[in-house]
Amino acid sequence: MKNTDRIPFFSLEPIHREIREEMLAALTTGYDSHWYILGPAVEQFEAAYAKWNGVEYAIGVASGLDALSIALKAAGAGPGREVVVPSNAYIACWLAVAATGATIVPAEPDPVTHNLDPHAVVSLCTPQTAAVMPVHLFGQACVMAPLLELAEKHGFYIVEDNAQAQGARYDGRLTGSIGHLNATSFYPTKNLGALGDGGALTTNDAYHAQFARAYRNYGSEQKYFNRYAGVNSRLDELQAAALLVKLQHLDRWNQQRAMLAQRYLDGLDAVPQIALPHVAPGCTHVWHLFVIRTVYRDALRQFLTKKGIQTMVHYPLPPHLQEAFAHLGFKKGQFPIAEQLAQTSLSLPLYPGMPEGHVDRVVDAIRQFFGVS
Ligand SMILES: *Cc1c(COP(=O)(O)O)cnc(C)c1O
């Protein structure tokens, strides 16, 4: 490794190299089975993922977005109902609500954790609220107890977006097992990623599981008899086979992420101009992304680019200012915390198998930019 190597933001190369033989064997078995939709691999993966996540049921679907919208539909979201979502969420969270026809009710996050602030949610609950969607952003679990209390009091559902946080815990419980209905994504770059698109709902509720299982498959429980006007959103056999292989390694890969994150935290602690990720009491973080905040974000980013260090911004424009949601009539300045996070957040390179020497070079470059020796 030369000291001038380009440092990519993310790479699957190290973990894919590590499991290559195992993966190709699983894909070969899938290929040779001649059965590609809703077969034994999906069943096996759903059982394994449910067990790993500490829930009764996991239902594989075609994407995280579909998992969210089907979970919301099961929660009763639709025209005339409301869903509370973070104002700084990924666009999929808002699109999932829009897909049900329910009204999007944005709640400002805690500016330190980037996660939903229960105090902001309280005032937004109405008799029309169908669900509140905590998004465990960047891999850190949301503080769930106050949300669960609100749900109990008002009679709505908690739908966790666990796309970025597979393996994180709140109060000892795994995210994706705490809400009534939960969604996750297996987009290739997630902590548990497929070799294409995929997602899953997780729940302990038998009725909701049955609904989702039918809804993803044209609303059918028995072939050619349709109970719901559903969709085609199925996890396929080859993706399930790939996910089964990767699930066996997920905890270890999450530990590698944590080790690299700690190296960043130690190395950047002495830089007063940046705010480091802050993990709330009772919560854990699985470091899907390592996101710092600084008002010098754009200049720092340019400086790092010049040094061959690739960074990203999650996310540069909050959903309420996206053209796609212009018709909702939200204004600039309406969600100042989300807007400020969009202007100051910077995601540093982090992936399992990333060389520690690369973390050190990123740290050195940031310290150099700020003149910290
Ligand atoms: C990736 C992601 C999704 C959507 O997942 P897809 O599989 O890409 O549809 C939803 N929410 C969050 C927070 C995500 O990071």
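Side chains included, hydrogens not; waters and symmetry mates left out as well; all remaining heavy atoms used. Order of listing sets the numbers, starting from 1, for every ligand and every atom in it.
- Across S185, S69, A92, C93, heavy-atom proximity to atom 5 (O) of ligand 1 is greatest for S185.
- Residue Q164 has at least one N or O atom closer than 3.5 Å to an N or O atom of ligand 1.
- Within ligand 1, the atoms closer than 4.0 Å to a non-hydrogen atom of S63 are 7 (O), 9 (O), numbered from 1 in the order shown.
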- Task: Tell me, with the steps shown, if K51 and E56 meet salt bridge (charged side-chain N to carboxylate O under 4.0 Å, His left out).
- Result: CA-CA 7 Å; K51 183 164 181 240; E56 288 289 323; over 6 Å; no
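- Taking 4.0 Å as the cut-off between side-chain N and carboxylate O, K246 and E22 do not count as a salt-bridged pair.
- Scanning the protein heavy atoms around atom 13 (C) of ligand 1, the nearest turns out to be D161 OD2, 3.3 Å.
- Between the D236 side chain and the I37 main chain, no donor and acceptor come within less than 3.5 Å of each other.
- Ranking protein heavy atoms by distance to atom 8 (O) of ligand 1, first place goes to Y187 CD1, 3.9 Å.
- When only interatomic distances are considered, the shortest N/O to N/O separation between F186 and ligand 1 does not fall below 3.5 Å.
- Here the two rings, on Y157 and H208, have centers that are under 6.0 Å apart.
- Once rounded to the nearest 0.5 Å, the distance linking CD of Q166 with OG1 of T175 reads 8.0 Å.
- Close approach of ligand 1 to L65 (heavy-atom distance below 4.0 Å) involves ligand atoms 4 (C), 5 (O), 6 (P), 9 (O).
- Looking at D117, its side chain never comes within 3.5 Å of a backbone N or O of P109 through a donor-acceptor pair.
- Among protein heavy atoms, atom 2 (C) of ligand 1 sits closest to K190 NZ, 2.8 Å.
- Every atom of ligand 1 is numbered from 1 in the order shown, and the set under 4.0 Å from a heavy atom of V135 is 13 (C).
- Taking the centre of each ring, H320 and F335 come in below the 6.0 Å mark.
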